[in-house]
Each structure stands twice: as C-alpha cells, then as structure tokens.
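So the structure is just underneath, and the comments pick up after that.
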Amino acid sequence: MNDYQQKISELKNEKNALILAHFYQTLDIQEISDFVGDSFALAKKAREAKEQVIVLCGVRFMAESAKILNPTKTVLLPAPDAGCPMADMIEPEDVIKLKERYPEAAVVCYVNSAAAVKAVSDICCTSSSAERIVRSLPNKQIIFIPDKNLGSYIASLVPDKEFILFEGCCPTHNRVSEKDVIAAKKQHPDALVLAHPECRPEVLRYADYIGSTAGILKAAEQSDAKEFIIGTEITIADKLTQELPNKTFYPMTNSFLCPNMKKTRISDVIYSLENMVYEIVLDDEEIQAAAASLERMVSI
Ligand code: 13P
Ligand code: SF4
C-alpha cells in the first residue's frame with residue numbers, strides 16, 4: 001500500500017466513508033475506490049450505502065443522485081467544479097413547456113441532468129436502463145430529455161412509441177464524427193466497434209455493439225474478437241487494455257476525453273474527506289420531488 005492509499009484507508013475508517021467512482025475517472029482514482037461502475041450501478045450503490053459518508057468521484061449530477069437516493073448521508077464531490085455540460089443544457093422551464101405541449105406524454109429524463117429537472121420529470125433513466133424504462137411505460141408518447149442521441153437510439157429500438165426529443169447532447173461524444181469512425185475502421189479493419197449511445201446516430205451505424213460503459217466493458221470481455229475500437233471516453237480503452245492484456249483496444253479518436261471526469265485527483269479525495277468539504281446540499285423539497293423519478297428508475 002502506498003502513502004496515498006494508506007491515508008485514504010485511515011480516513012475511510014475514521015469518517016465511516018464509502019468511495020464510489022465512475023468508469024471515466026482516472027485509473028488511479030478507480031484503484032482507491034470501493035466500487036467503480038456505470039451511472040446506474042453508482043445510483044444503486046449509493047442508495048444502499050450503510051456508511052455515513054459517500055464520496056462520489058464523478059460529476060455533480062451523480063453526487064446529487066446519491067444525495068437524493070440516500071438523503072440522510074453526507075455526500076461529498078471531491079472536485080466541486082466537475083459538472084456535466086449536457087446537464088446544463090436543459091432547465092425545468094423547458095420541460096414544463098414540453099409537458100404543456102404534449103400532455104399525454106411521459107417525461108423520461110436521462111440522469112445526466114440537474115435535480116430540478118428530475119423533479120419535473122416522470123421517471124429517470126441511464127444509458128443501461130433507458131430501453132427497459134421506456135418499454136415499461138403505458139404512454140405512447142415519450143418526451144426524452146436532454147440527450148437527443150440517446151433518445152434517438154432508444155426510439156430506434158422501440159418503434160411503437162412516438163418520441164419527442166430535446167436538443168441536448170454530450171459534447172464529448174457528440175464531437176466524434178462519422179469521418180472519425182470510418183478512419184478508425186480503415187486503420188483497424190479487423191476490430192469490432194463498441195460504442196456508447198451518447199454518440200451521434202451516424203457513428204452508431206458502424207457499431208457492432210451499443211451500450212453503457214459497463215455494457216462495453218462486458219461486451220469486450222465476452223467477445224471472441226481480439227481487437228476493438230472503443231467509441232466512448234478514452235479511459236474505457238485504457239481500462240480494457242489494463243484488464244484484458246490479450247486483446248487490443250483503440251480509442252475511436254484520441255480526443256475522446258471528458259474534461260470534467262478528469263478533474264478528480266487523489267489529493268482532492270483526501271482533502272474533501274479530511275476536511276469534510278464539498279458536500280452536496282439540496283433543499284428538502286427538491287430532494288423529495290426528484291426522488292420520485294429516480295426511485296422509479298431504480299425499482300424497474
Ligand atoms: P454510463 O456510465 O451510464 O454509461 O454513462 C456515461 C456517461 O456519460 C456518464 O456521464
Ligand atoms: Fe457529461 Fe459527457 Fe462528460 Fe458524461 S462524458 S459527464 S455526459 S460531458
């Protein structure tokens with residue numbers, strides 16, 4: 001155990017803390033965490049946590065979801081400025097207007113959104129649960145917010161529903177173009193393409209597998225193929241390279257990076273735990289309103 005690991009283990013005992021990390025966190029953060037997962041698994045873990053303190057190594061909406069699902073716990077976000085630009089693309093007023101326009105529709109809200117937006121939605125989803133959640137709803141019309149790319153992918157899987165999409169997107173995934181995927185395939189013609197549904201539809205057209213971060217990791221592990229082009233944040237390719245040394249992983253482009261997910265450093269985790277700072281504070285009304293749509297998601 002190195003000095004950092006020793007310090008974190010002491011702090012975890014002293015504060016009764018659980019450290020959760022998203023797969024896009026740097027590998028050294030993943031190594032010092034108690035659990036690493038996709039956003040669905042992180043929400044479930046946070047909801048079940050018995051420890052008094054949850055340290056969320058990820059971005060703000062993930063830490064907010066942890067607080068909403070387990071409100072008596074202290075939730076810390078060690079990199080307090082780690083936001084998600086997609087979550088900032090939609091306001092509660094946008095949702096209210098859409099609901100007025102389509103009163104029969106159910107509002108399905110991707111968890112990559114602020115608590116106030118979840119509060120005016122009917123149900124939340126993650127990339128790994130979106131299809132299941134949409135299928136579970138009796139409504140024919142679905143207002144899908146805020147990710148137009150995930151929304152249009154789910155719409156293609158559930159053609160009997162009518163989708164009203166919002167114009168939001170993940171800048172990291174949306175920046176990758178059809179040209180990028182064609183170039184990667186040309187360079188690595190034997191590689192399978194594994195892509196996240198936050199990618200553009202014209203990129204997903206080339207994918208052999210489409211799924212969440214956890215889904216991509218599992219697909220790579222279970223496949224008999226030896227080479228893969230990874231169509232999501234670059235750390236997934238690094239993680240796979242480390243974990244499956246007999247297979248080769250190429251990022252779809254070298255610029256596939258989420259700057260916000262890279263803001264957490266080990267020293268930030270130590271600082272926030274030591275000083276109990278960068279706590280997520282939401283008002284009770286907001287927690288209660290957002291809890292309904294998040295609870296529906298985890299219970300389906
Ligand atoms: P998942 O972990 O649910 O695949 O989501 C990816 C993501 O963009 C989180 O910000
Ligand atoms: Fe937000 Fe995209 Fe970064 Fe995920 S990868 S946190 S959706 S900007």
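Computation of the quantities below employed the complete heavy-atom set of this structure, encompassing side-chain atoms and omitting hydrogens, waters and symmetry-equivalent molecules. Counting convention: from 1, in listed order, for ligands and their atoms alike.
Among T232, N112, V111, the residue whose heavy atom lies closest to atom 4 (Fe) of ligand 2 is N112.
Per-residue contacts place S39 under 4.0 angstrom from the following atoms of ligand 1 (heavy atoms of the residue considered): 1 (P), 2 (O), 3 (O), 5 (O). Listed by number with element, the atoms of ligand 1 under 4.0 Å from a non-hydrogen atom of S212 are 4 (O). Under a 4.0 Å criterion applied to the non-hydrogen atoms of T213, ligand 1 contributes the atoms 1 (P), 2 (O), 4 (O). Within ligand 1, the atoms closer than 4.0 Å to a non-hydrogen atom of S127 are 1 (P), 3 (O), 4 (O), numbered from 1 in the order shown. Which parts of ligand 2 touch M86 is read off a 4.0 Å heavy-atom cut-off, strictly below it: atoms 7 (S). Of all the atoms in ligand 2, the ones that sit under 4.0 Å from a non-hydrogen atom of Y24 are 5 (S). Close contacts between ligand 1 and F61 involve ligand atoms 10 (O) [criterion: under 4.0 Å to a heavy atom]. Of all the atoms in ligand 1, the ones that sit under 4.0 Å from a non-hydrogen atom of N112 are 8 (O), 9 (C), 10 (O). Counting the atoms of ligand 2 from 1 in the order shown, those under 4.0 Å from a heavy atom of P85 are 8 (S).
Scanning the protein for heavy atoms near atom 4 (O) of ligand 1, the closest one is H196 NE2, 2.7 Å. For atom 2 (Fe) of ligand 2, the nearest protein heavy atom (residue, atom name, distance) is C170 SG, 2.2 Å. Of the protein's non-hydrogen atoms, the one nearest atom 2 (O) of ligand 1 is H22 NE2, 2.6 Å. In terms of protein heavy-atom proximity, atom 8 (O) of ligand 1 is closest to E198 OE2, 3.0 Å.
Residue contact annotation: M62 has a non-hydrogen atom under 4.0 Å from ligand 1. Residue contact annotation: C170 has no non-hydrogen atom under 4.0 Å from ligand 1.
For a distance bound of 2.8 Å, the N, O or S atoms of C258 include one lying that close to atom 3 (Fe) of ligand 2.
Of the charged side-chain nitrogens involved, none lies within less than 4.0 Å of a carboxylate oxygen, so that K12 and E51 do not count as a salt-bridged pair.
Residue E233 does not touch ligand 2, judged by heavy-atom distances below 4.0 Å.
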